[in-house]
Amino acid sequence: AQSVTQPDIHITVSEGASLELRCNYSYGATPYLFWYVQSPGQGLQLLLKYFSGDTLVQGIKGFEAEFKRSQSSFNLRKPSVHWSDAAEYFCAVGAREAGKSTFGDGTTLTVKP
Amino acid sequence: NAGVTQTPKFQVLKTGQSMTLQCAQDMNHEYMSWYRQDPGMGLRLIHYSVGAGITDQGEVPNGYNVSRSTTEDFPLRLLSAAPSQTSVYFCASSPSRPPNTGELFFGEGSRLTVL
């Protein structure tokens, strides 16, 4: 069965500092990997995705993620965090078929001024 | 450009009542799904559909029914609401063809409280 682990429930960073959110997955085949962001009271928005090819993927809002098959990881990074990045971030793994994904429990990001 | 539309946004039910959460998408996506979100538990898949007339169970299907008579609509039915079904419900759709294959497009959510 597929699963996703986000080890950090809550992370606090200062504005302008770098950010890395961790994600580890378990999946039997080649995974489709996603990062979504959820602002308070809103639905989820896709930040970036990995299907195949280059293991470093670029997303919206200056985010990037690196797929490491040997570590079963797909960590999200941003070089300089903005106050507007405060939100909850979800990593997900899914198959192309059926459009269904398994989500991690999420990481809440707080940005200090 | 509506995307995925969920109604109602808020609902309070008493234990044992029934209701339907509506979901409609205008992107002609083949796949649709329902998730529930509970604090500290991420999103859990309730039911999903790969096309009109085809549905299947997800991780937490008990207490919920779905049907898919059209490509656009995917309602979620609670037949006899229980307090354990207090949650935020998200409907999502996904295309089967590139370039957005596998990506979930979410509605804004429906917050349900069962007393």
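A, B, ... follow the sequence lines: proteins, then strands. Residue 1 opens every chain. Fair warning: this is a prediction, and the values are worked out from it, not measured in the lab.
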Practice item. Kindly check if the number of other-residue, nucleotide or ligand heavy atoms within 6.0 Å of CD (A:Glu66) is above 12? Key: yes
Review point. With only heavy atoms counted, which part of B:Gln37 is less than 4.5 Å from chain A, the side chain, the backbone, both or neither?
Key: side chain
Practice item. State whether the number of non-hydrogen atoms from other residues, nucleotides or ligands found under 6.0 Å of B:Arg44 atom CZ is greater than 12. Key: yes
Review point. Would you say B:Ile54 and B:Tyr48 are hydrophobically clustered, going by side-chain heavy atoms of ILVMFWY under 4.5 Å?
Key: yes
**Study point:** Neighbour count above 12 (heavy atom, 6.0 Å) for A:Ile9 CD1
**Key:** no
Check your understanding: Of the backbone (N, CA, C, O) and the side chain (C-beta and beyond), which part of B:Leu43 lies under 4.5 Å from a heavy atom of chain A, both, or neither?
Key -> both
Check your understanding: According to a 4.5 Å side-chain heavy-atom criterion applied to Ile, Leu, Val, Met, Phe, Trp and Tyr, with indirect links allowed, do A:Leu19 and A:Ile60 form part of one hydrophobic cluster?
Key -> yes
**Study point:** Residue-level contacts of residues 104-113 of chain A with chain B, using a heavy-atom cutoff under 4.5 Å
**Key:** A:Gly104, A:Asp105
Check your understanding: Hey, quick one: are B:Val12 and B:Phe10 part of the same hydrophobic cluster, counting side-chain heavy atoms closer than 4.5 Å, chains of contacts allowed?
Key -> no
Exercise for review: To the nearest 0.5 Å, tell me how far A:Tyr36 OH sits from B:Leu104 CG.
Suggested key: 4.0 Å
Check your understanding: Which heavy-atom pair separates A:Gln38 from B:Phe90 by the least distance, and what is that distance?
Key -> NE2-CZ, 3.3 Å
Check your understanding: At what distance, to the nearest 0.5 angstrom, does CD of B:Glu103 lie from CD of A:Gln45?
Key -> 9.5 Å
